[in-house]
Asks: 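This is the structure I want to talk about, given as structure tokens.
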Amino acid sequence: MWYLISASELEQYLDEKREIFLVDMRDRESFRSGHIRGAVNMPEEELWERTKELPMSRLIVLYCYHGPRSMLAARQLARMGYQVADVYGGIQAYRGKYLTEKNCR
């Protein structure tokens with residue numbers, strides 16, 4: 001199963017210290033320029049090789065720059081049996097207190 005969450009819902013999950021596994025699907029350079037604190041960088045081209053790193057027991061929360069790539073990945077991971085949420089609008093929509101840099105791209 002997968003579903004969309006808003007940037008404010010992600011902020012709430014982080015505030016509540018929910019047991020999530022946050023994945024930033026952007027390239028390494030973009031991740032280094034800024035990301036959501038606690039995220040693991042798994043660029044789109046590496047994600048499928050690294051699925052064994054994704055815990056089946058936790059909600060996987062994906063984001064990319066503005067949403068479409070992570071939404072497709074969420075659908076595929078759900079078909080593989082993972083519980084997945086996708087951040088609607090990606091990091092472009094998130095401007096909360098967990099952002100490590102305000103110039104995310």
Side-chain angles (χ1 to χ4, degrees):
M1 170 182 149
W2 77 277
Y3 54 94
L4 291 172
I5 62 171
S6 67
S8 61
E9 286 174 296
L10 174 59
E11 180 102 354
Q12 184 177 356
Y13 287 10
L14 295 171
D15 284 345
E16 294 171 355
K17 297 181 180 8
R18 286 200 191 176
E19 292 279 328
I20 65 171
F21 192 84
L22 186 58
V23 178
D24 183 322
M25 292 181 54
R26 297 172 305 138
D27 62 67
R28 291 186 195 292
E29 182 180 332
S30 296
F31 182 81
R32 281 192 296 268
S33 74
H35 57 273
I36 300 170
R37 207 172 314 127
V40 174
N41 187 218
M42 289 188 183
E44 180 180 20
E45 61 275 3
E46 294 178 16
L47 182 65
W48 307 113
E49 300 165 359
R50 297 176 60 187
T51 55
K52 291 184 182 187
E53 296 175 40
L54 301 174
M56 291 293 275
S57 61
R58 289 166 57 188
L59 175 66
I60 309 300
V61 178
L62 302 174
Y63 70 89
C64 59
Y65 177 64
H66 64 283
R69 290 180 298 155
S70 57
M71 185 183 299
L72 291 173
R75 289 177 181 158
Q76 183 62 31
L77 288 171
R79 283 188 211 112
M80 297 168 68
Y82 291 94
Q83 290 184 33
V84 189
D86 177 47
V87 179
Y88 183 77
I91 199 165
Q92 185 178 14
Y94 183 84
R95 292 294 174 247
K97 62 187 169 194
Y98 297 99
L99 194 60
T100 63
E101 175 61 45
K102 297 297 183 195
N103 295 324
C104 290
R105 51 185 172 151

Asks: Can you check side chain to side chain contact (heavy atoms under 4.5 Å, CB included) on I91 and H66, steps first, answer last?
Replies: CA-CA 6 Å; I91 199 165; H66 64 283; over 6 Å; no
Asks: Got a sec, which pairs hit side chain to side chain donor-acceptor pair (under 3.5 Å) with one end in residues 52-61, sequence neighbours left out?
Replies: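 Residue pairs passing side chain to side chain donor-acceptor pair (under 3.5 Å), neighbours aside: R50-E53.
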Asks: Hey, does L47 have a side-chain heavy atom less than 4.5 Å from the side chain of M25?
Replies: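 Yes; the side chains approach each other to less than 4.5 Å.
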Asks: When rounded to the nearest 0.5 angstrom, what distance separates OG in S30 from CG in N41?
Replies: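 So the gap between those two atoms works out to 9.0 Å.
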Asks: Can you list the residues that meet the side-chain hydrogen bond (donor to acceptor under 3.5 Å, both in side chains) rule with Y13, with sequence neighbours excluded?
Replies: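 Residues passing side-chain hydrogen bond (donor to acceptor under 3.5 Å, both in side chains) with Y13: none at all.
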Asks: Going hydrophobic residue to hydrophobic residue with side-chain gaps under 4.5 angstrom, can you get from Y88 over to I36?
Replies: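 No, it is not one cluster - the side chains of Y88 and I36 are not joined through contacts under 4.5 Å.
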Asks: If only atom types and distance count, is the side chain of T100 paired as donor or acceptor with the main-chain N or O of H35 below 3.5 Å?
Replies: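 Side chain of T100 to backbone of H35: a pair is present.
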Asks: Out of curiosity, does M80 fall in the hydrophobic cluster containing L54 (side-chain heavy atoms, cut-off under 4.5 Å, transitive links)?
Replies: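 Cluster IDs for L54 and M80 match.
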Asks: Checking side-chain contact (heavy atoms from CB on, under 4.5 Å) against V87, which of L4, L62, I5 comes through?
Replies: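 The side-chain contact (heavy atoms from CB on, under 4.5 Å) with V87 is passed solely by I5 among L4, L62, I5.
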Asks: Answer yes if M1 and L59 sit in the same cluster of Ile, Leu, Val, Met, Phe, Trp and Tyr residues linked by side chain heavy atoms under 4.5 Å apart, and no otherwise.
Replies: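 Linked within one cluster.
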Asks: Specify the closest pair of heavy atoms between G67 and D86, including all atoms of both residues, with the distance to one decimal.
Replies: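 Closest approach of G67 to D86, heavy atoms only: O-OD2, 3.7 Å.
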Asks: Among all residues two or more places apart in sequence or in another chain, which pass the salt bridge (charged side-chain N to carboxylate O under 4.0 Å, His left out) test with D24?
Replies: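 With sequence neighbours excluded, D24 shows a salt bridge (charged side-chain N to carboxylate O under 4.0 Å, His left out) to R26, given in chain and number order.
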Asks: With sequence neighbours excluded, tell me which residues meet side-chain contact (heavy atoms from CB on, under 4.5 Å) with S8.
Replies: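 Expected list: S6.
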Asks: Quick one: pull up SG in C64 and CG in D27 and give me the separation to the nearest 0.5 Å.
Replies: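 Separation between the atoms: 11.5 Å.
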Asks: The criterion is side-chain hydrogen bond (donor to acceptor under 3.5 Å, both in side chains); which residues satisfy it with E11, sequence neighbours excluded?
Replies: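 Once residues adjacent in sequence are excluded, the partners of E11 under the side-chain hydrogen bond (donor to acceptor under 3.5 Å, both in side chains) criterion are Y94.
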Asks: If you count heavy atoms of other groups shown closer than 6.0 angstrom to OH of Y82, is the number above 12?
Replies: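 Yes, because the 6.0 Å sphere around OH of Y82 holds more than 12 heavy atoms from other groups.
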Asks: For R28, give me all partners under salt bridge (charged side-chain N to carboxylate O under 4.0 Å, His left out), at least two apart in sequence or on another chain.
Replies: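 Here the qualifying residues are E46.
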Asks: In a table with atom names and distances, give each donor-acceptor pair under 3.5 Å that connects a side chain of residues 14-23 to protein atoms at least two apart or in another chain.
Replies:
residue: D15; atom: OD1; partner: K97; partner atom: NZ; Å: 3.1
residue: D15; atom: OD1; partner: Y98; partner atom: OH; Å: 2.6
residue: E16; atom: OE1; partner: R18; partner atom: NE; Å: 2.8
residue: E16; atom: OE1; partner: R18; partner atom: NH2; Å: 3.1
residue: E16; atom: OE2; partner: Q12; partner atom: NE2; Å: 3.0

Asks: Hydrophobic cluster membership, with links at side-chain heavy-atom distances under 4.5 Å among I/L/V/M/F/W/Y: are V40 and V61 in one?
Replies: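 Looking at the clustering, V61 is in a separate group from V40.
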Asks: How would you list all residue pairs meeting salt bridge (Lys or Arg N to Asp or Glu O under 4.0 Å) that involve residues 63-78, not counting sequence neighbours?
Replies: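 Counting only pairs at least two positions apart or across chains, the salt bridge (Lys or Arg N to Asp or Glu O under 4.0 Å) contacts touching residues 63-78 are E44-R69.
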Asks: Under the 4.5 Å side-chain heavy-atom rule for ILVMFWY, direct or indirect, which residues accompany F31?
Replies: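 Via sub-4.5 Å side-chain contacts, F31 links to none.
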Asks: May I ask you to decide if A7's main-chain N or O and Y63's side chain share a donor-acceptor pair within less than 3.5 Å?
Replies: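 Pair absent, no side-chain N/O of Y63 close to backbone of A7.
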Asks: Using the side-chain contact (heavy atoms from CB on, under 4.5 Å) criterion, which residues pair with A78? Sequence neighbours excluded.
Replies: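 Testing A78 for side-chain contact (heavy atoms from CB on, under 4.5 Å), a comparison that skips the adjacent residues, returns W2.
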Asks: Any side-chain heavy atom of L77 sitting closer than 4.5 Å to one from W48?
Replies: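 Yes, side chains in contact.
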